[in-house]
K.L.:
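Have a look at the structure that comes next, please.
Letters A, B, ... are given to chains in the order of the sequence lines, protein chains preceding strands, and every chain is numbered from 1.
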Amino acid sequence: MKTAILQSDSQPEQSLTAPDLNPEALSRSLLDWYQISGRDLPWRKTRDPYKIWISEIMLQQTQVKTVIPYFDRWLNLFPTLETLANSQLQSVLKAWEGLGYYARARNIHKAAIVIMERFSGQFPDTLEHAMLLPGIGRTTAGGILSSAFNLPLPILDGNVKRVLSRLINLPVPPDRSLAALWEISESLVPLNQGRDFNQAFMDLGATVCIPKMPNCVVCPWNCFCKSYNLGVQNQRPMTEPKAPVPHKTIGVAVIWNSNQDNSILIDRRKPEGLLGGMWEFPGGKVELGETIPECIKREIQEELGIEIAVDEFLMTIDHAYSHFKVTLHVYHCHHLSGIPQTIECDEIKWVTLSELNEYPFPTANLKIIQALQQSGSRFPVSP
DNA sequence: AAGCCGTGGTT
DNA sequence: TAACCAAGGCT
């Protein structure tokens, strides 16, 4: 606390976003609430930094309900950091299939190898070292190290940003005030209860201080919360206006090989970028004035260097990615001539209907596989 | 530093 | 129903 003498002839040193908080009162009331109302989650039964790390990565931009079955399956497939480091990236991506943001899986695999090689197989126990690992930023590092080692490191995830925005009635979107929010989060973590405090902080945001219609009546911080006491909690946090997302029309080919035994052509996408490393049915964007069968024939010629015939329509799939939407128009096709070349992909394979299940596909493509396997499709396709 | 990067739950 | 948005990080 600054003394009156030091501040006597100037304005009180209070930044716009760091108001008069009482960290001790806040942390104590939150920890008391957590003891009664905290969630019982699988990754809270352990202090193994490996398991906690996996949970933290899976939980990035992903809801708890979605993560739990993936987390359980993962630990059966890769029970230790060493088994993960010794696994193939394709197996890792298959375990991640459907979770999205596949760079997370690629980074986990890379990081596991780095930990084996640079950290003797021990997950790092300092912020500096943890943040050297791919896919681990300050929030994830703080989450892992506080949970595994009870270190008093702050976090600033979506929950904490929302809770703090309301607590101090932040008049700008939280991403405009990150430095101040980090400072507050850091000021609140008790030195000897980093684990419980951070978990409690996120629970508060996930179960009480939720995005719409927060349940302020049961909030342990309602007496401290500026937004609540001004009745403006539904107007916080402020949000940036967002740009409308573009829409693309895509032609997709299920290419049957008439020479081989009912096999279908799939390709593996390049390791970086959208859906990097995942397998797919080939295709591409429909150009102006082009029919969908024309598009499919052209794209397959350009991307795989082969000639195909476009046969009967299979299905359409509407799908939303993070920054655009697509409509996939899927057609049965058959191979006419040429040997497939990896022009715009990393690998090409002819596989049977049942072998499709061994490869990691993005969700939109899984719907195509499901349709093919349900109908028991065979070439040549007949009604 | 603003855009890229998935999917499903919720309202 | 369409929009919002979730235990963010990387470039």
K.L.:
Mind checking if Lys161(A) touches a base, just sugar-phosphate, or nothing, with heavy atoms under 4.0 Å?
P.N.:
nothing

K.L.:
Which part of the nucleic acid does Gln199(A) contact within heavy-atom distance under 4.0 Å: base, sugar-phosphate only, or nothing?
P.N.:
base

K.L.:
With a cut-off of 3.5 Å and sequence neighbours excluded, list every side-chain donor-acceptor pair involving residues 122-136 of chain A.
P.N.:
| from | atom 1 | to | atom 2 | distance (Å) |
| --- | --- | --- | --- | --- |
| Thr126(A) | OG1 | His129(A) | N | 3.2 |
| Thr126(A) | OG1 | His129(A) | ND1 | 3.4 |

K.L.:
Take atom P in dT11(C) and the same atom in dG6(B), then report the distance between them in whole Å.
P.N.:
14 Å

K.L.:
Find the distance Ile57(A):CD1 to dA6(C):P and express it as a whole number of Å.
P.N.:
18 Å

K.L.:
If you draw the axis of the six-membered ring of Tyr70(A), does the NZ or CZ of Arg73(A) fall within 45° of it and under 6.0 Å from the ring centre?
P.N.:
yes

K.L.:
Atom CG of Leu164(A) to atom P of dA7(C): distance rounded to whole Å?
P.N.:
14 Å

K.L.:
Going 5' to 3' through nucleotides 4-11 of chain B, assign each nucleotide B (protein heavy atom under 4.0 Å from a base atom), S (under 4.0 Å only from sugar-phosphate atoms) or - (no protein heavy atom that close).
P.N.:
SBBBBSS-

K.L.:
Which atom pairs, one a donor and one an acceptor, fall under 3.5 Å between side chains of residues 88-95 of chain A and the rest of the protein, sequence neighbours left out?
P.N.:
| from | atom 1 | to | atom 2 | distance (Å) |
| --- | --- | --- | --- | --- |
| Gln90(A) | OE1 | Trp279(A) | NE1 | 2.8 |
| Gln90(A) | NE2 | Gly277(A) | O | 3.2 |
| Lys94(A) | NZ | Glu97(A) | OE1 | 3.3 |
| Lys94(A) | NZ | Glu97(A) | OE2 | 3.1 |
| Lys94(A) | NZ | Asn357(A) | O | 2.9 |
| Lys94(A) | NZ | Tyr359(A) | O | 3.1 |

K.L.:
With under 30° as parallel and over 60° as perpendicular, where do the rings of Tyr321(A) and His319(A) fit, or are they tilted in between?
P.N.:
perpendicular

K.L.:
Please report the distance, rounded to the nearest Å, between NZ in Lys110(A) and P in dG9(C).
P.N.:
16 Å

K.L.:
So, applying side chain to side chain contact (heavy atoms under 4.5 Å, CB included) with Leu265(A), which one of Asn257(A), Val351(A), Val254(A), Leu304(A) is it?
P.N.:
Leu304(A)

K.L.:
Can you check the Arg39(A) CZ to dA7(C) P distance for me, whole Å?
P.N.:
7 Å

K.L.:
So what does Trp43(A) hit on the nucleic acid, given a heavy-atom distance under 4.0 Å: a base, only sugar-phosphate, or nothing?
P.N.:
base

K.L.:
Specify the separation, in whole Å, of atom CG of Asp203(A) and atom P of dA6(C).
P.N.:
15 Å

K.L.:
Rounded to the Å, how far apart are His247(A) NE2 and dA2(C) P?
P.N.:
11 Å

K.L.:
On the nucleotide dA7(C), are OP1 or OP2 found under 4.0 Å from the side-chain N or O atoms that Arg162(A) carries?
P.N.:
yes

K.L.:
Sticking with atom C1', work out how far dA7(C) lies from dG3(B), rounded to a whole angstrom.
P.N.:
22 Å

K.L.:
How close or far is atom C1' of dA7(C) from atom CH2 of Trp53(A), stated in whole angstroms?
P.N.:
16 Å

K.L.:
Determine the contact category for Gly143(A): base if any of its heavy atoms lies under 4.0 Å from a base atom, sugar-phosphate if only primed atoms, P, OP1 or OP2 are that close, otherwise nothing.
P.N.:
nothing

K.L.:
Can you tell which of Ile255(A), Ile368(A), Leu353(A) makes a side chain to side chain contact (heavy atoms under 4.5 Å, CB included) with Ile264(A)?
P.N.:
Leu353(A)

K.L.:
Find the distance Leu156(A):CG to dA7(C):P and express it as a whole number of Å.
P.N.:
13 Å

K.L.:
Ring-plane angle category for Phe361(A) and Phe281(A), please: parallel below 30°, perpendicular beyond 60°, tilted otherwise.
P.N.:
parallel

K.L.:
Closer to the 5' end of DNA chain C via nearest nucleotide, is it Arg44(A) or Pro134(A)?
P.N.:
Arg44(A)

